Each structure stands twice: as structure tokens, then as C-alpha cells.
Chemist: 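To start, I am sharing the structure in question, which I have written as C-alpha cells.
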Amino acid sequence: MIERGDKMKNGFDNKKYVKIQSKKIRERFCLFDKLYLEIGGKLFDDSHASRVLPGFKNDAKISMFQELKNDLEIIFCINAGDIEKNKMRGEYGRTYDRELLTLIEDSKKMGFHVNSVVITLYKNQLSVDKFIKELNRNGIKTYIHTFTKGYPTDVDTIVSEEGYGANPYIETTKPLILVNAPGPGSGKLATCLSQIYHENKKGVNAGYAKFETFPVWNLPLKHPVNIAYEAATADLKDVNMIDPFHLEKYHETAINYNRDIELFPVVKSILNKVSQKDIYHSPTDMGVNMVGYCITDEKVVEEASKKEIVRRYFNEKNLYKLGLCEKENYEKIKLLMNELKIDEDFLEVVKPAIEKKEKSGHEAIAIKVGRRVITGRETELLTSASSVILNAIKYLSKIPDDINLLSPTIIESVLKLKSELKNGNLLSLPEVLIALSISSATNPMTEKALSCLKKLKDCDAHATFLMDNSEIRALKELGINLTCEND
């Protein structure tokens, strides 16, 4: 955000992106009777892309696929091991199996045809069997894939009745089949290749392509957008690289990442064995990503990407201290920050939050609203998050500091109930937001302030402590880019 009333500075043309990306995908699936398109990253709510490419809308991919809706259906994949281990999507606080159900529900609401779910690397796990029953009882067709015999070196076995032929064939009717998953390592590629094997056995000219936003193949290797992708995938040990196959074939530099480059010889051999022809000469050839052509302001995008790298650093450092990841994750991001000559203070809210804590003696939060940094600390009645949000919406609505937005009667009632329930003695942010909603019905000043909450979207905030999950969730729902310390 810039200043009160000013528009956010964009660096990306979302309208152009939707138009040229859908055209590119249509061109690719017109080459085949059927195209199995592996979707890398998020199909819905691509918040990483919207943060590093200001102007990119969270629902850009869905908007683009809406234009192709009549020609497509969706297959979702989930790794049986992830179900068994209750693997989590950290940003949503949901396990992969719950996230999958959310993806299916969201797809259906938007009018997309969900074909089925593929459980990959199945090993007769009881928890997986229970989930399959749940899917079936909800009318969701389910298929089981076990480990592919011969993978990854014995191509003759992989492309045979013992390999992909051992997997059940998934009946599809549309020319474009999106293959998506709740997270990485879910078996999307193997599902695509297995289907292509079966289709070609039936005489159907089926092809494969990959739609992944990052890294951006036609940006420089060390471009902040691509470095932000490395930071985002520090836990996966992804490393951006110049695609050597593309360089050799076309004498052109293109950026890809280590897993796709390492797998390409195997994928190419399998595709050639199935279709009896050379389709792709490099992993970059397999992609259809057009995002790099839609950047309109390099400076804006570079600054946004650097901020995202710092956010990832704080996040991984917190996860390490909670025992949820390895030290090397955040150390790698710190090295990326060093490459770009930035530190934690690149986020302009970090230093003011720390200064507020030192001055007040209480944990504090700072949020940047336009060009103004606003702080809040824990008080006798409010948590730090509650204080900073109240201060921010007062500022945005030009309400003096000494005006109370919350009715003392409402505050007293909430605190009394919390005391009876032994649920603490401070009003948390979710509770304050509810109280504001109630007060706004009779207090025009509160109603005015509450209407400014939407202006906090995309603002940066930093807390000097690791916040309660309910407050983190509330800030994220407001669209605030939050970082926390955990010292």
C-alpha cells in the first residue's frame, strides 16, 4: 500500500496474464487428443505469487482455467504416506487429506468437473483405507497406485504391463486433464505418465505438459523473483539452475530447478518409449508458463520479492526453534539474503517493533500502513495484536486516539465471560473484531473504523514474539503479511 487513498503500486499485469496463459495452454493441448497438465504449486489462492508479483491476483490461475472450463476435468493426487503421517499444510493449518477435500469442494463450487482422486504409493495403510472410505462415501471416485516397478532406471519395465500397466486406468472424457495435489511429492508426474501409457495403448494420442509458475524460466537465475522461490522451497532443498538441456539444444538460457532437471532424462525416455517420438528436448520445453511476460515494473517486483525472502527467513527460523524443521533451512535463506545484500531490517516494520518493545517493556507489533508505521503493545485489556489493529484503523479513519471504539459495557461482558471460562484476561484480536462488529450496530464511529479493515490487506506487520495461532490466523485473514520473532 502507498498512502491513504492511494492505490497499491502494481508490477504485474494480471489481465494480460490470464489472456496469454490460457492461450498458451490451449495451443499445447491442441497438439494432442488429450493433454495431462501437471499443476505445480497452488491451483487456488496462490498467495506467494501475489506477494512477489504485486498485481497478480490470488485467483489468477482459476480465472484462466475458467476460460477453459468446458474442455477440462481435474484429477487430484495424494501420497498415502502423507495421509499416514498427517502431513500439514503449514500456511493453512490443515493436514494434506483435509486440504485435498477443501480443494475438491472449491473446484466443484466453481463449476469444474472433478474426475477422481489417486492415492499414490499405497501400502495398505489403515489410515489411508479409512480416508478412501470417506472419499467414496462422499461420491468421490478413488484409484490406488502402488510403487511403479522398475522406477526410475528400468524404462522398459516402467513402460510395460508390470510398470504403469499395473495401475488402473482412469476414464477421462475431456481434452485437458489437470493433475493437481495438496502439496509436493504427491505423485502428480507418475499419475500423468501412467495415464499417457494407458491412453496410447488404447490408440489415443495423449501428451504431457507442466504448468508451474516458479522459477520463472525467462528471468535471470539470480533475479529476486527466482531467489524468492528458492527461499519458499528451502525445506524441499530446491535449487534454481540453468537448464543444460535447453542451452544445448537451443543455445538459449532458461531457468529451471534441480528436481526437474535431474528427472528429465527419465521423463524424456518414458515419453519417447510411450509415444515412439521425441516430444520435448528440455524440461523447460515441457512447461507452459507465461508469467515472465507479464511483469510491468521490475523495481516493484524486485522489492516485493526481497521482502518475501525475509518473511520466509523469519518463518523457517521460527519452525526450527519449534523443532519442526532443520537449521539448514533458515541458514540457506540467510545466504540468499546475503547474496542480495539485504537483512531482516529490509522489512520496515522489524526495527520499529523491536524499539516499541524496548521502550514499553512489553511485547509489541508494528504494521506499515501507507508510509506510516503504527505500533501496538499489550495493555491491561488488550493483546498486542488487538492494540495494533485498533490503532491502525483509527489512523485510517482519522479517529483521534482518545476515542474509544469499543463500548465499555461490551468489553466488561466479554472479559467477565473469559474469566468465568478461565480463558485469560485479555481481549484477543478475534474477540476484538467480534466486539467491534457488535458495537458498530449502534456506534457510527466504530462502523467507520471497521470499514477500514480492508485497507490493511497486503500491509507488512512484525511481532516481537511468537503469537497465538488464533491471532496469527486472524491477521492472515485480514490479508496482512505477518512475521514473528521467537527468541
Side-chain angles (χ1 to χ4, degrees), residues 25 28-40 75 77 79 118 120-122 143 145-170 172 176-181 184-212 215 217 236-289:
I25 292 173
R28 186 64 61 92
F29 79 70
C30 283
L31 298 176
F32 306 95
D33 297 332
K34 283 185 184 179
L35 176 67
Y36 286 86
L37 183 64
E38 180 187 349
I39 308 295
I75 294 172
C77 301
N79 187 316
V118 180
T120 62
L121 295 177
Y122 175 74
Y143 296 85
H145 286 187
T146 55
F147 178 77
T148 303
K149 189 174 180 180
Y151 190 83
T153 54
D154 187 354
V155 174
D156 287 338
T157 302
I158 296 167
V159 186
S160 74
E161 288 303 301
E162 292 180 90
Y164 288 143
N167 292 330
Y169 171 62
I170 303 166
T172 57
L176 176 62
I177 298 94
L178 308 186
V179 182
N180 194 220
S186 296
K188 293 174 293 186
L189 174 60
T191 299
C192 289
L193 296 177
S194 176
Q195 280 295 105
I196 291 168
Y197 169 82
H198 283 289
E199 298 283 14
N200 279 271
K201 289 281 284 185
K202 294 174 180 292
V204 177
N205 176 27
Y208 165 80
K210 187 169 187 177
F211 178 34
E212 191 157 43
W217 68 273
L236 300 175
K237 311 294 187 287
D238 280 355
V239 178
N240 295 335
M241 300 171 67
I242 292 172
D243 182 345
F245 302 98
H246 205 79
L247 185 62
E248 182 180 359
K249 177 67 180 177
Y250 304 106
H251 307 290
E252 177 184 77
T253 299
I255 307 306
N256 218 295
Y257 65 103
N258 54 311
R259 283 186 289 143
D260 269 11
I261 289 170
E262 288 161 8
L263 271 176
F264 178 67
V266 176
V267 176
K268 181 181 179 182
S269 297
I270 292 170
L271 287 172
N272 289 0
K273 179 86 174 173
V274 169
S275 60
Q276 302 298 313
K277 59 183 176 184
D278 247 347
I279 300 171
Y280 299 126
H281 301 287
S282 73
T284 302
D285 275 350
M286 297 191 299
V288 292
N289 185 22

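If you're wondering where the values come from, they're calculated on a predicted model, not measured in any experiment. Quick note: residue numbers are just sequence positions, from 1.
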Chemist: Just wondering, do Lys210 and Val288 contact through their side chains at under 4.5 Å, heavy atoms?
Modeler: no

Chemist: In Å and rounded to the nearest 0.5 Å, what is the CG to NZ distance from Asn180 to Lys188?
Modeler: 6.5 Å

Chemist: Measure the CG-NZ distance between Asn200 and Lys34 for me, rounded to the nearest 0.5 Å.
Modeler: 11.0 Å

Chemist: So Arg28 and Leu35, side-chain contact (heavy atoms from CB on, under 4.5 Å) or not? Walk me through it.
Modeler: CA-CA 8 Å; Arg28 186 64 61 92; Leu35 176 67; 3.8 Å; yes

Chemist: Would you call Leu271 and Asp278 a side-chain contact if the rule is heavy atoms closer than 4.5 Å?
Modeler: no

Chemist: Mind listing the closest non-hydrogen atom pair of Ala206 and Phe32 along with its distance?
Modeler: C-CD2, 3.9 Å

Chemist: Apply the test side-chain contact (heavy atoms from CB on, under 4.5 Å) to residues Val267 and Met286: give CA-CA distance (whole Å), side-chain angles for both, the deciding distance (0.1 Å), then the verdict.
Modeler: CA-CA 10 Å; Val267 176; Met286 297 191 299; 3.9 Å; yes

Chemist: Nearest 0.5 Å, what's the CD1-SG distance between Ile25 and Cys30?
Modeler: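 Answer for the CD1-SG pair, Ile25 versus Cys30, is 12.0 Å.
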
Chemist: Just how far is it from atom NE2 of His246 to atom NE2 of His281, taken to the nearest 0.5 Å?
Modeler: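 Nearest 0.5 Å value for the NE2-NE2 distance: 10.5 Å.
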
Chemist: Has Lys249 got more than 12 heavy atoms of other residues, nucleotides or ligands less than 6.0 Å from its NZ?
Modeler: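 Open: at most 12 neighbouring heavy atoms sit under 6.0 Å from NZ of Lys249.
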
Chemist: Roughly how far, to the nearest 0.5 Å, is the OG atom of Ser275 from the OH atom of Tyr197?
Modeler: 13.5 Å

Chemist: Identify the heavy atoms of Ile242 and Leu247 that sit nearest to each other, and give their distance.
Modeler: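 Looks like CG2-CD2, 4.5 Å.
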
Chemist: Does the side chain to side chain donor-acceptor pair (under 3.5 Å) test come out yes or no for Thr284 and Tyr250, once each step is laid out?
Modeler: CA-CA 11 Å; Thr284 302; Tyr250 304 106; over 6 Å; no

Chemist: How many angstroms lie between SG in Cys77 and CD in Glu38, if you round to the nearest 0.5 Å?
Modeler: 8.5 Å

Chemist: Is it the case that Ser194 and Asn167 place a side-chain donor and acceptor less than 3.5 Å from each other?
Modeler: yes

Chemist: Looking only at non-hydrogen atoms, find the nearest pair between Ala190 and Tyr164 and report the distance.
Modeler: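 Nearest heavy atoms, Ala190 then Tyr164: O-CE2, 4.0 Å.
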
Chemist: How close do Pro265 and Phe245 get, counting heavy atoms only, and between which atoms?
Modeler: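 Minimum heavy-atom separation between Pro265 and Phe245: CG-CZ, 3.8 Å.
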
Chemist: Kindly indicate whether the side chain of Glu199, heavy atoms from C-beta on, has any atom under 4.5 Å from the side chain of Asp33.
Modeler: no

Chemist: May I ask you to check if Lys202 and Tyr169 form a cation-pi contact, with NZ or CZ under 6.0 angstrom from the six-membered ring centre and within 45° of the axis?
Modeler: yes

Chemist: Does the distance from a Lys or Arg side-chain N to an Asp or Glu carboxylate O, for Lys273 and Asp156, drop under 4.0 Å?
Modeler: yes

Chemist: Do the side chains of Trp217 and Asp243 get nearer than 4.5 Å, heavy atoms only?
Modeler: no

Chemist: Would Ile279 and Lys277 count as a side-chain contact (heavy atoms from CB on, under 4.5 Å) if you check the C-alpha gap in whole Å, the side-chain angles of each, and the deciding distance to 0.1 Å?
Modeler: CA-CA 6 Å; Ile279 300 171; Lys277 59 183 176 184; 4.2 Å; yes

Chemist: For Thr191 and His145, run side-chain contact (heavy atoms from CB on, under 4.5 Å): C-alpha distance rounded to whole Å, both residues' side-chain angles, the deciding distance at 0.1 Å, then the answer.
Modeler: CA-CA 8 Å; Thr191 299; His145 286 187; 4.1 Å; yes

Chemist: Does any non-hydrogen side-chain atom of Leu37 lie less than 4.5 Å from one of Val179?
Modeler: no

Chemist: Quick one, Ile75 and Leu178 - any side-chain contact, counting heavy atoms below 4.5 Å?
Modeler: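 Heavy-atom side-chain distance check fails, nothing below 4.5 Å.
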
Chemist: Within the structure provided, determine whether Glu212 and Tyr257 are in side-chain contact (heavy-atom separation under 4.5 Å).
Modeler: yes

Chemist: For Ile270, which of Leu189, Leu193, Ile196 qualifies under side chain to side chain contact (heavy atoms under 4.5 Å, CB included)?
Modeler: Leu193

Chemist: Quick one: does any side-chain atom of Ser160 pair with a main-chain N or O of Glu162 as donor and acceptor, under 3.5 Å?
Modeler: yes

Chemist: Taking side chain as C-beta onward, heavy atoms only, is Asp238 less than 4.5 Å from Arg259?
Modeler: yes

Chemist: Do Ser282 side-chain atoms and Asp285 backbone N/O form a donor-acceptor pair below 3.5 Å?
Modeler: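 Confirmed, Ser282 side chain pairs with Asp285 backbone.
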
Chemist: Is it the case that Asn79 and Thr120 place a side-chain donor and acceptor less than 3.5 Å from each other?
Modeler: no

Chemist: Compare every heavy atom of Leu121 with every heavy atom of Phe147, then report the nearest pair and how far apart it is.
Modeler: CA-CD2, 3.9 Å

Chemist: For Tyr208, is there any backbone N or O sitting under 3.5 Å from a side-chain donor or acceptor partner on Tyr280?
Modeler: yes

Chemist: Could you tell me which non-hydrogen atom of Lys237 sits nearest to which non-hydrogen atom of Asn258, and how far apart they are?
Modeler: O-ND2, 3.5 Å

